[in-house]
Amino acid sequence: MKGLSKDRLWSIAVLTPSIILIAVFVYGFIARSVYVSMTDWGNDPAQALAEHPIIRWVGLANYGELFTGFLQGRFRQELVSTIFFTVLFIAGCLILGLGLALILDRNPKGEGLWRTIFLFPMSLSFIVTGTIWRWMLQPQGGVNMAPTLVGGQPSTFGWLSSTDAVLKFDWNKLPLLTASVVGIVLVVVAVRAAQGGDRRRTIVAAVCAAILLLWALFVGPNIKMLPAPEFHGFNLALIGIIIAAVWQMSGYTMALYLAGLRGIPEELREAAKVDGANDYGMYRHVIFPLLSPITLSAMIILGHISLKIFDLVYAMAGPDNINTSVPALNMYLTSFRQNQFSLGAAIGTVLLILVAFIIVPYLASQFRTEEGHA
Amino acid sequence: MYALLVIAALFFLVPIYLVFATAFKTPDAINLATSWHWPTALNWASFSDAWAKIGGNLGNSLFLAVTATILSALLGSVNGYALSKWKFRGANTLFALMLFGMFIPYQAVLIPLFQFIKALGLYGSIWGLILAHVVYGIPITTLIFRNFYADVPDALIEAATIDGAGFWSIYQKVIFPISIPGFVVVIIWQFTQVWNEFLFAATLTNTSSQPVTYALSQLSGGQAVSWNLPMAGAILAALPTLLVYILLGRYFVRGLLAGSVKG
């Protein structure tokens, strides 16, 4: 199709309203949020809701407050919680989802019914799921009473109310820990690149790893972000919320895997069988490698859902349970209950950066291949 | 294999059993120790009580979800058509930039959005919420329609162009009539999303216009609640999307899979 025909103009005209709306509501508002996060709007309660509030530029002070300020320990715990939550939630969904998909792929009787059962929580809202599971996980009822059905003792685990935490570490050690972990990962990358014969990658990874590890060895231990040690870890009360989240989203993972499994041509399986592969060998060498792009997609989708999750937490543990809180919930409370808009905007921006780390490479890779021959 | 299926199914269904068992109990029959027992007599009053409390919010949700869904489906359809059948340079980049809006945490735009809706005078009105849902629905609806129209052979469009049809007449006579499955997927997906949404509902509305998700969270939020009420409320709030899923599950799944992109 040639040049700027009338039809071509129409197609641009049709898209223009959406482009403007997205430009304003997504990119414009993000820019505005970042700006607000660098002001002191709402830090003085008297000014927060004033008709013409006096707003001063404070640069990165709000971020400094979040990561090192005395009052914002809650936010730091939430960051740690959200990382643990994300890892366990993704692991739970992938394992359960893959397991269910593998079973359903063997065409059991009533397959449609099973699928319906596993997928229905997906159509509920997190608020409904949260309400249901809040009842299930009552301290002296629901799940804790389940053992009595078979004559056992009721369990006393505080699903949503536990204040115990495991894997605690001092927030001051965070730069050190991060540098060490990234350094070790880079060493692994370097070793693998060396084995694969990719010299440039080996050198780049090795140099970066060396810098990081040297930093971790000599500079890291002396860094103090807070005046006193502050311990954060994985709060056990989150387990209940993770279970509810897996209940809701593992059906989705199953649907992704099932679509992937059904997309594997029958000839491939036949060929593997002819080559003498047993069931295990076929899954290990034929099916799982073909499913790995789906695993990556699922991890990215689930990861971004998990970083944003807050309605489930709100409905299950309430907004004020510090042990189960997450940054997305804190942002809502800080901005709309305490009217500390600039601090809320800063939390929102941190969340956006976390999500962008996952999503931007994903979108770029999805579209790079296409744009090439467009 | 079947044993595993049954165990898994129990994990998914037991919560539902408990919800119904609790919703049908009278408040004084609800006792943590006997929470697993099926009630001796069915008490329907929980549902009428819950209806009295959140019926209005259900109405709000219905109006909100239907209006927002129709608007975003129409917008998505023409967008998808323009992007898949009248490709221009940079169309894919533009689309990727658009899609990013689907993944952002809405917390990152919430404060300006709130200010904007307020400045428009729409704060507390359901129309502000509709606006937000339509705008943030653009990425996913465009994506679903774009992928749907990608399967429509270009030859069909070219033939129509040779016959002298233009942008709109092709849309009317060729594209729109075959779009029904696409519309079904988008409508189901958007309806479910809008119905289930909570963050915008909690920030942009006030008591008179709050959708059911917010009302339900208030219903179960208090400490001394009798649990039959929130359980009945949860059933009422879940029913519309659940019905949609059970009746039109195939299309629901298709929307689900479209959400995992595949450019």
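Keep in mind that the numbers below use all heavy atoms, side chains included, and drop hydrogens, waters and symmetry copies. The shown structure was predicted, so the numbers you read here are calculated from the model rather than taken from an experiment.
Side-chain atoms of B:Thr241 come within 3.5 Å of backbone atoms of A:Ser123 as a donor-acceptor pair (strictly under, hydrogens ignored). A side-chain donor-acceptor contact under 3.5 Å links B:Tyr2 to the backbone of A:Lys109.
Across A:Val34, A:Val355, A:Val143, the residue that shares the most heavy-atom pairs under 4.5 angstrom with chain B is A:Val355. Interface summary for chain A: among B:Ala234, B:Pro139, B:Ala202, the most heavy-atom pairs under 4.5 angstrom belong to B:Ala202. For the set B:Thr192, B:Val135, B:Ile235, B:Val134, the count of heavy-atom pairs under 4.5 angstrom toward chain A peaks at B:Val135. Ranked by heavy-atom pairs under 4.5 Å with chain B, the list A:Trp114, A:Tyr332, A:Phe118, A:Trp135 is led by A:Trp135. Here B:Pro15 is the residue among B:Pro240, B:Pro15, B:Gly101 with the most heavy-atom pairs under 4.5 Å with chain A.
The aromatic rings of A:Trp247 and B:Phe12 lie parallel to each other, with less than 30° between the two planes, well short of the 60° mark.
Interface remark: B:Tyr171 contributes no atoms to any contact with chain A (heavy atom separation under 4.5 Å). Proximity to chain B is limited to the side chain of A:Met331, based on heavy atoms less than 4.5 angstrom apart. Residue contact with chain B, scored on non-hydrogen atoms closer than 4.5 Å, involves the backbone and the side chain of A:Ala146 alike. For A:Leu119, the parts sitting under 4.5 Å from any heavy atom of chain B are the backbone and the side chain alike. Within the 4.5 angstrom heavy-atom criterion, only side-chain atoms of B:Ile16, from C-beta onward, approach chain A. For chain A, no part of B:Leu236 is nearby; none of its heavy atoms comes within less than 4.5 Å. In this structure, no portion of A:Ile305 lies under 4.5 Å from any heavy atom of chain B.
Applying the 6.0 Å contact sphere to CE of A:Met145 captures more than 12 heavy atoms from other residues, nucleotides or ligands.
Across B:Gly166 and A:Asp7, no two heavy atoms sit closer than the pair CA-OD1, 3.4 Å. Taking all atoms of both residues into account, the shortest heavy-atom contact from A:Leu124 to B:Ala238 is CD2-CB, 3.5 Å. The shortest non-hydrogen separation linking B:Met1 to A:Pro108 is CE-CB, 3.8 Å. Of all the heavy atoms in A:Met122 and B:Leu256, the pair that sits closest is CE-CD1, 3.4 Å. Scanning both residues, B:Val253 and A:Ala255, for their nearest heavy atoms gives CG1-CB, 4.4 Å.
Atoms OG and CD, on A:Ser335 and B:Gln107 in that order, are 8.5 Å from each other to the nearest 0.5 Å. Considering OG of A:Ser11 and CZ of B:Phe167, their distance stands at 5.5 Å, rounded to 0.5 Å. To the nearest 0.5 angstrom, B:Ile138 atom CD1 is 5.0 Å from A:Leu21 atom CG. Here CZ of B:Phe95 is found 10.5 Å from CD1 of A:Ile22. Values are rounded to the nearest 0.5 Å. Atom CD1 of residue B:Ile104 and atom OH of residue A:Tyr27 lie 8.5 Å apart, to the nearest 0.5 angstrom. In this structure, B:Ser35 OG and A:Gln138 CD are separated by 9.0 Å, a value rounded to the nearest 0.5 Å.
Proximity of B:Trp195 to A:Ser125: side-chain heavy atoms (C-beta onward) are nowhere separated by under 4.5 Å. Looking at A:Ser18 and B:Thr142, their side chains never come closer than 4.5 Å, going by heavy atoms from C-beta outward. In this structure the side chain of A:Ile243 reaches within 4.5 angstrom of the side chain of B:Phe11, judged on heavy atoms.
Taking the six-membered ring for Trp and the full ring otherwise, the centers of A:Phe126 and B:Phe198 sit at least 6.0 Å from each other.
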For this session: Starting from the C-alpha separation in whole Å, work towards a yes-or-no answer on side chain to side chain contact (heavy atoms under 4.5 Å, CB included) for B:Leu199 and A:Tyr314.
Result: CA-CA 10 Å; B:Leu199 182 62; A:Tyr314 186 104; over 6 Å; no

For this session: Give the C-alpha distance, both sets of side-chain angles, the deciding distance and a yes or no for side chain to side chain contact (heavy atoms under 4.5 Å, CB included) between B:Phe103 and A:Leu363.
Result: CA-CA 10 Å; B:Phe103 295 105; A:Leu363 283 182; 4.0 Å; yes

Identify every side-chain donor-acceptor pair in residues 243-251 of chain B under 3.5 Å, counting partners at least two apart or on other chains, and give the distances.
{"unit_1": "B:Tyr245", "atom_1": "OH", "unit_2": "A:Thr116", "atom_2": "O", "d": "3.1"}

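Scanning residues 108-118 of chain B against chain A with a 4.5 Å heavy-atom cutoff picks out B:Ala108, B:Val109, B:Leu110, B:Ile111, B:Pro112, B:Leu113, B:Phe114, B:Gln115, B:Phe116, ordered by number.
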